[in-house]
Amino acid sequence: MLTPGPDHPITITTNGKSVRVTLGGQVIAGSTKALRLQESDYPVVFYFPREDVRTELLIPTPHVTRCPYKGQATHFTVRVDVSENENAVWSYEKPFPAVQEIAGHLAFYRSRVDSISEF
């Protein structure tokens, strides 16, 4: 477990704007309560409360990834109509203490959905 610091900062803030995720012409997540995670010089990632995600479109997968700063992430495939985007969503169910705010929230790979937009 690594702790965020000056060499690898991680900040988590309330976004303050609406954020929407679309796939296949459908809104699959929309929230005014999404968390904005900025990690080092990586692109911003939005973490959505589960109640703001159409979880009926998500299928758990056995795929797991590990981040030395955040912990172990579980993944989900998104199924919209007849198309599936494998492992398009992830969640840190029990993140490391430094990023505890994202526990149970869902995040989307930008490359595996049509759009993630703020308005």
Legend entry - Shared hydrophobic cluster, Ile102 / Leu2 (ILVMFWY, side-chain heavy atoms < 4.5 Å):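 As far as the 4.5 Å side-chain criterion goes, Leu2 and Ile102 are connected within one cluster.
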
Inset, instruction - Give the cluster check for Val45 versus Tyr109: same hydrophobic cluster or not, with ILVMFWY residues linked at side-chain heavy-atom distances below 4.5 Å. - result: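 Cluster IDs for Val45 and Tyr109 match.
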
Inset, instruction - Looking only at non-hydrogen atoms, find the nearest pair between Ala73 and Trp90 and report the distance. - result: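 Heavy-atom minimum between the residues: CB-CD1, 4.0 Å.
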
With the side chain counted from C-beta on, respond yes when [X] and [Y] share a heavy-atom pair under 4.5 Å apart, and no when they do not.
X	Y	result
Met1	Pro97	yes
Arg20	Phe119	yes
Pro43	Gln38	no
Thr65	His75	yes
Arg36	Glu118	yes
Lys33	Thr14	no
Glu86	His63	no

Legend entry - Arg54 atom CZ, over 12 foreign heavy atoms within 6.0 Å: yes

Inset, instruction - Might you work through the side chain to side chain contact (heavy atoms under 4.5 Å, CB included) test for Glu39 and Lys70, ending with a clear yes or no? - result: CA-CA 10 Å; Glu39 180 174 358; Lys70 296 187 291 293; 2.5 Å; yes

Inset, instruction - Can you sort out the partners of Tyr69 under ring pair (Phe, Tyr, Trp, His ring centres under 6.0 Å), two or more places apart, ordered by chain and number? - result: His8

Legend entry - Donor-acceptor pair between Asp114 and Thr22 side chains, under 3.5 angstrom: no

Inset, instruction - Return yes if some donor-acceptor pair links the side-chain N/O of Asp81 with the main-chain N/O of Ser83 below 3.5 Å, else return no. - result: no

Legend entry - Intermediate values then yes/no, side chain to side chain contact (heavy atoms under 4.5 Å, CB included), Asn87 and Arg112: CA-CA 8 Å; Asn87 298 317; Arg112 297 182 188 167; 3.6 Å; yes

Legend entry - For Val82, the rest of its hydrophobic cluster, which grows through side-chain links under 4.5 angstrom: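 Via sub-4.5 Å side-chain contacts, Val82 links to none.
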
Legend entry - Apart from Val78 itself, residues in the same hydrophobic cluster as defined by side-chain heavy atoms under 4.5 Å: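 So far as hydrophobic clustering goes, Val78 is joined with Val19, Val21, Leu23, Ile28, Val44, Phe46, Phe48, Val53, Leu57, Leu58, Phe76, Val80, Val89, Leu106, Phe108, Val113, Ile116.
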
Inset, instruction - Might you work through the side chain to side chain donor-acceptor pair (under 3.5 Å) test for Arg50 and Ser91, ending with a clear yes or no? - result: CA-CA 10 Å; Arg50 284 182 190 263; Ser91 178; 3.2 Å; yes

